[in-house]
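The block underneath contains the structure these notes are about, expressed in structure tokens.
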Amino acid sequence: MINLQLQFSSLGEFLEMGIYTFHVWSVYGLFTVFLTYNLLMPLLRRKQFLREQFRRQQRNARRDATRVSAPAAAGPGASVNQGNNHSTGNQ
Amino acid sequence: MWLWFSKLGSPRWFYQWSGKWLPWLTACMVVLLMIGVPWALLFVPEDYQQGHTIRIMYVHVPVASISLACFPLMAVAGAITLVWRMKLADMVAKSVAPVGAWFTAMALATGAIWGDLIWGTWWAWDARLTSLLIQFFLFIGVIALRSAIESPDGAAKACAILAIVGAINVPIIKYSVDWWNTLHQPASRFSMDPIAPNPPEVWVPLVIMIVAGYFFFAIALILRVRNEILLRERRSQWVSELVAQEGGRA
């Protein structure tokens with residue numbers, strides 16, 4: 001059957017990898033970076049997207065609320081409304 | 001079958017379906033890596049010629065072979081985009097390009113590190129290495145092309161065509177080691193025979209690492225496709241509901 005024998009007698013020997021310390025470990029180091037980056041980066045981006053969209057939703061909800069209340073007030077209310085529209089257009 | 005096809009084409013359905021599968025895929029990947037990596041590092045016997053450098057193979061071979069699968073996937077997704085105009089196919093085509101570029105870059109980097117040891121050089125203009133480098137540039141080209149074209153439809157079509165044409169490179173990479181006399185070794189043959197040159201204790205961990213690599217590839221791709229779905233469908237009702245639900249916690 002499959003031979004499963006530990007190939008190193010000590011931790012030091014394992015870390016040394018014969019004489020190939022740098023090469024073997026740099027490959028496994030790169031592999032770790034590669035795995036972590038490609039899993040974390042999309043997750044962080046998703047979080048950022050949800051946060052931004054959530055803020056936009058709240059902003060829109062506030063704007064809609066002022067719009068609804070604006071007609072109730074007279075002249076000055078209309079100018080506030082315009083100001084709000086302008087600021088959202090910029091963002 | 002057709003129903004399944006059109007359902008799978010719905011970004012919303014894919015988003016929900018992949019959300020259910022992601023934890024399982026992640027669990028499989030973690031378990032396989034937890035078996036494969038220690039096995040490769042601790043238990044694989046030293047190669048009679050290459051000593052401990054054989055341990056590099058357990059990263060290099062999975063990464064390189066999966067990088068070869070990325071391009072055909074992008075070409076197929078591109079063809080589906082062109083023929084059926086399926087939105088999801090274009091999202092997959094867009095998302096697989098950076099993942100493929102990463103896999104190819106990893107294959108080149110780990111290969112160079114290995115080559116420095118066993119060939120005495122980081123790089124050679126050998127058929128296998130050069131064709132893989134071309135694949136890397138093709139991935140970068142597809143990514144650049146998409147960002148260069150403003151109209152999303154035009155970008156999708158152009159990238160699909162480049163992916164289909166570029167797929168010609170894949171068999172060239174695959175068979176370069178047989179067609180030309182290359183510095184890179186041809187694919188090894190593996191056997192169950194315990195006294196064969198490549199007994200099971202050498203190739204079983206390799207198979208485990210390749211399967212783990214495919215799980216990782218699927219997860220990395222699905223995560224990117226899901227982000228792409230959210231971005232493109234951000235004005236739809238279901239995404240606004242999702243944002244309202246999860247946005248506060250994000």
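Because only heavy atoms are used, hydrogens play no part in the values below, and waters and symmetry mates are left out as well, while side chains stay in.
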Just checking A:Arg45: does its CZ atom have more than 12 heavy atoms from other residues, nucleotides or ligands closer to it than 6.0 angstrom? no

For A:Val24 against B:Thr53, the heavy-atom pair lying closest together: CG2-CA, 4.3 Å

Proximity breakdown for B:Ser240 and chain A, heavy-atom pairs closer than 4.5 Å: both

Tell me, out of A:Asn38, A:Leu4, A:Val33, who's got the most heavy-atom pairs with chain B below 4.5 Å. A:Asn38

Straight-line distance of B:Met106 CE to A:Leu35 CG, nearest 0.5 Å: 7.5 Å

Verdict with reasoning, A:Gln5 to B:Glu201, per side chain to side chain contact (heavy atoms under 4.5 Å, CB included): CA-CA 10 Å; A:Gln5 203 179 1; B:Glu201 56 259 34; over 6 Å; no

Selection from A:His23, A:Arg51, A:Met17 maximising heavy-atom pairs under 4.5 Å formed with chain B: A:His23

Output, in order, the C-alpha distance, side-chain angles, deciding distance and verdict of side chain to side chain contact (heavy atoms under 4.5 Å, CB included) for A:Gln7 and B:Leu42. CA-CA 6 Å; A:Gln7 298 294 312; B:Leu42 288 163; over 6 Å; no

When the 4.5 angstrom heavy-atom criterion is applied to B:Trp114 and chain A, the contacting part is neither

Approximate separation, where rounding is to 0.5 Å, of B:Ile56 CD1 and A:Ser26 OG: 7.0 Å

Is B:Gln50 close to chain A through its backbone or its side chain, or both, or neither, when contacts mean heavy atoms under 4.5 Å? backbone

Minimum heavy-atom separation for B:Met209 to A:Phe31, with atom names? CE-CE2, 3.8 Å

Could you check whether A:Arg46 pairs with B:Glu246 (Lys NZ or Arg NE/NH1/NH2 to Asp/Glu carboxylate O, under 4.0 Å)? yes

Engaged part of B:Val44 at the chain A interface, taking heavy atoms whose separation is under 4.5 Å: backbone

Could you report the tightest heavy-atom contact between B:Leu223 and A:Leu39, atom names first, then the distance? CD1-O, 3.7 Å

Verdict with supporting geometry, A:Phe34 and B:Val63, side chain to side chain contact (heavy atoms under 4.5 Å, CB included): CA-CA 10 Å; A:Phe34 164 68; B:Val63 161; 4.3 Å; yes

Is it the side chain or the backbone of A:Gln53 that comes within 4.5 Å of chain B heavy atoms, both, or neither? both

Value rounded to 0.5 Å, distance of CH2 in B:Trp102 from OH in A:Tyr37: 6.0 Å

Between B:Leu231, B:Ile219, B:Thr26, B:Leu242, which shows the greatest number of heavy-atom pairs under 4.5 Å with chain A? B:Leu231

Can the ring centroids of B:His52 and A:Phe14 be said to lie less than 6.0 angstrom from one another? no

Smallest separation among heavy atoms of B:Leu230 and A:Phe49, with atom names: O-CZ, 3.3 Å

B:Ile113 and A:Phe22: side chain to side chain contact (heavy atoms under 4.5 Å, CB included), yes or no, with the steps? CA-CA 9 Å; B:Ile113 295 170; A:Phe22 170 74; 5.6 Å; no

Of the non-hydrogen atoms in A:Pro42 and B:Asn227, which two are nearest, and what is the gap between them? O-ND2, 2.8 Å

Value rounded to 0.5 Å, distance of CD in B:Glu241 from CD in A:Gln57: 9.5 Å

Is it the case that atom CH2 in B:Trp21 sees more than 12 heavy atoms from other parts of the structure closer than 6.0 Å? no

When the 4.5 angstrom heavy-atom criterion is applied to B:Leu33 and chain A, the contacting part is side chain

Interface moiety of A:Tyr20 toward chain B, non-hydrogen atoms closer than 4.5 Å: side chain

Minimum side-chain heavy-atom gap B:His60-A:Val27 below 4.5 Å: no

A:Tyr28 side-chain N/O to B:Arg55 backbone N/O, donor-acceptor pair under 3.5 Å: yes

